[in-house]
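Just follow the structure's listing: the first ligand is 1, and inside any ligand the first atom is 1. This chain uses plain numbering: 1 for the first residue, then up along the sequence.
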Amino acid sequence: MPVAVEQPFSEIPTLDWDLIASGVPSDRQQFLADLRHAIVNVGFMYLSRSPVPLPLVDQLVAYIPELFALPMEEKKAISMLNSPHFLGYSVQGAEFTRGARDNREQFDFATEYECPWREGDPDWQRLWGTPQFPPDSVLPGFRTTVQTYLDLLQQLGMDFIRLMEEALLVAPGQLTQFYDDHMQHRCKVVKYPSVDALRAEDGTQGVGPHYDGGFLTFVRCRSTNCLLQASDQPGLQVQNRAGQWIPAPPVRGTFVVNIGKALETVTQKVALATTHRVVTPPKGSAPRYSVPFFQNIALGAKVAAPIEVPREILDLKRARGDEIVTDSVNFSEYERDVSGHVQLIGRIKSHPDVGARWYPEMYKQIFPEGAPSFGSAY
Ligand SMILES: O=C(O)CCC(=O)C(=O)O
Ligand SMILES: [Fe+2]
C-alpha cells in the first residue's frame, strides 16, 4: 500500500455504493480504497447511490415542514423534558454547543426500545428508552415512516461498519463487537431557521463546532432553496486538520457520513472524528432541514482499549500526522468511561434542562455553579 504524505483535505470525498452493489471484486477494492482514504484523512464522506430507497427518503422529507408546522401544544406534548432518554421535541434555542446557544428547533426520535433501568442501576442504563412521536391522529403515518427509515439506516450502518473492518484490514468482529443484539439508534429532525427569523443577539450558530459521539453518523439534508444549495448556501461545514472550515453542501441523493469520537478512540486515531458545525442560513434564505442518524454502540462498551490495527494502516496514520487543529472539546471521557456514561454527559451538557430534571446528581457534578453559562457547556 503506497504511503503518501496527505495534505489537509480541501474537499469531501464521495463514495459510490454501486461499487459494492455491483458484486465485482475490483469495484469492491476501489470502494475500500476510497473508504480507507476517507477514514484516515478526512473523517467525512458523501455516500452516493446507497441502498436506502429514494422514495422513502422523499416521503420522510415531505413530512418535515408539516412536522415543524404542528401547533406548539402538539410539540410540547412530546417535549424532551418528559423524557429521561432525551427523546422528543426541543424548542429553538434549548440546546447548547460549547456553551453557546444553537439556533435550531428539533425532534429527537429513535428506534423502538424498552428501557430496562431500575432504581439502583447505573444512570447511563436509562439513556435508551421509549421514543416520543406525534400521534397518528396528528401526523398520520409519520411514526411508521421514521421507523422504516431508521431500520434501513441501522442496516446500512452495520454494513458500513463491516466494510470499515475490511478497509482497515482488521479481523472481522473487531468493530462489530461493540454492538449488542438489541440496540437503540437515534435520529434528529432539525430545522435551522434563517437569520430573518432570529434576533441579532442570537448570532449565527446553527450548531456549534463539535465531534459526534458514537462510531458513525449519517446525515441526510435538503435545502428548500435549490439555488442557494448549489454553491454558497452556508450550512454544514467540516474542519480540516489545519483548522480551515470546508463546506459540505447538500448533494441530492447522498448521505454525508462522518466518524464519531468512539471510533476515533478505539482505532488509536487511525479513523478521524472530524469537527463540524452548521451555520445559520443567510438573510432571505429558506430554513435548512436535516436528518442526522446517530448509530449508537452498546451502552456498556468501553473503547479505551484499542483494537489491533495492522502496521500498514498505522503507516497511513503516520503519513497523515497527528497534528490537528480543532475547535471541538467534547467526548474526551472515552479514555476512561463506558460509552453510556460518556453519552449521558454529552446529553446533559447539550440539554441542561432535561439533565437537571432527570439526572440531578450528575447535573450538579457537571454544572457545580448551577445553570450553564457561556463557556461551561458544549
Ligand atoms: O444538521 C446537520 O447537517 C448536522 C447536525 C449535526 O452535526 C449534529 O446534530 O450532530
Ligand atoms: Fe454532528
Checklist entry - Can you name the closest pair of heavy atoms from V195 and T204 and give their distance? => result CG1-CG2, 3.9 Å
Checklist entry - Given the side-chain rings of F107 and F68, with only the six-membered ring counted for Trp, is the space between their centroids under 6.0 Å? => result yes
Checklist entry - Which of the numbered atoms in ligand 1 are below 4.0 angstrom from a heavy atom of R104? => result 5 (C), 8 (C), 9 (O)
Item to check | Where ligand 1 meets H276 - atom numbers and elements under 4.0 angstrom, heavy-atom basis | outcome: 7 (O)
Checklist entry - Touching ligand 1 at all, V219? Heavy atoms, strictly under 4.0 Å? => result yes
Checklist entry - Which heavy atom of the protein is the closest neighbour of atom 10 (O) of ligand 1, given with residue, atom name and distance? => result H210 NE2, 3.0 Å
Next on the checklist: With side chain to side chain contact (heavy atoms under 4.5 Å, CB included) as the criterion, how do V170 and E308 come out once you've worked through the C-alpha distance, each side chain's angles and the decisive distance to 0.1 Å?
Outcome noted: CA-CA 7 Å; V170 302; E308 217 170 291; over 6 Å; no
Next on the checklist: Starting from I64, can I reach F218 by hopping between I/L/V/M/F/W/Y residues whose side chains sit under 4.5 Å apart?
Outcome noted: yes
Checklist entry - Taking only heavy atoms of V278, which atoms of ligand 1 are found under 4.0 Å from at least one of them? => result 1 (O), 2 (C), 3 (O), 4 (C)
Item to check | For the Fe ion (ligand 2): protein N/O/S atoms at distances below 2.8 Å | outcome: 3
Next on the checklist: For E312, is there an ion pair with R36 - N to carboxylate O distance below 4.0 angstrom?
Outcome noted: no
Checklist entry - For atom 5 (C) of ligand 1, which candidate among Y192, Y289, Y211, F294 provides the closest heavy atom? => result Y192
Checklist outcome for this item: Nearest heavy-atom contact between L169 and P310 is O-CG, 3.2 Å
Show which side-chain atoms of residues 355-362 pair as donor or acceptor with protein atoms under 3.5 Å away, not counting sequence neighbours.
{"unit_1": "R357", "atom_1": "NH1", "unit_2": "L81", "atom_2": "O", "d": "3.4"}
{"unit_1": "W358", "atom_1": "NE1", "unit_2": "L81", "atom_2": "O", "d": "2.9"}
{"unit_1": "Y359", "atom_1": "OH", "unit_2": "P84", "atom_2": "O", "d": "2.7"}

Checklist entry - Taking Q343 as the fixed residue, which of L127, I297, I348 is the one that meets the side-chain contact (heavy atoms from CB on, under 4.5 Å) rule? => result L127
Checklist entry - Given the side-chain rings of F160 and F255, with only the six-membered ring counted for Trp, is the space between their centroids under 6.0 Å? => result no
Next on the checklist: Checking contacts here: is it the side chain or the backbone of T217 that comes within 4.0 Å of ligand 1, counting heavy atoms only? Could be both or neither.
Outcome noted: neither
Item to check | R288 N/O under 3.5 Å from ligand 1 N/O | outcome: yes
Checklist entry - Would D123 and R126 pass as an ion pair if we require N to O under 4.0 Å? => result no
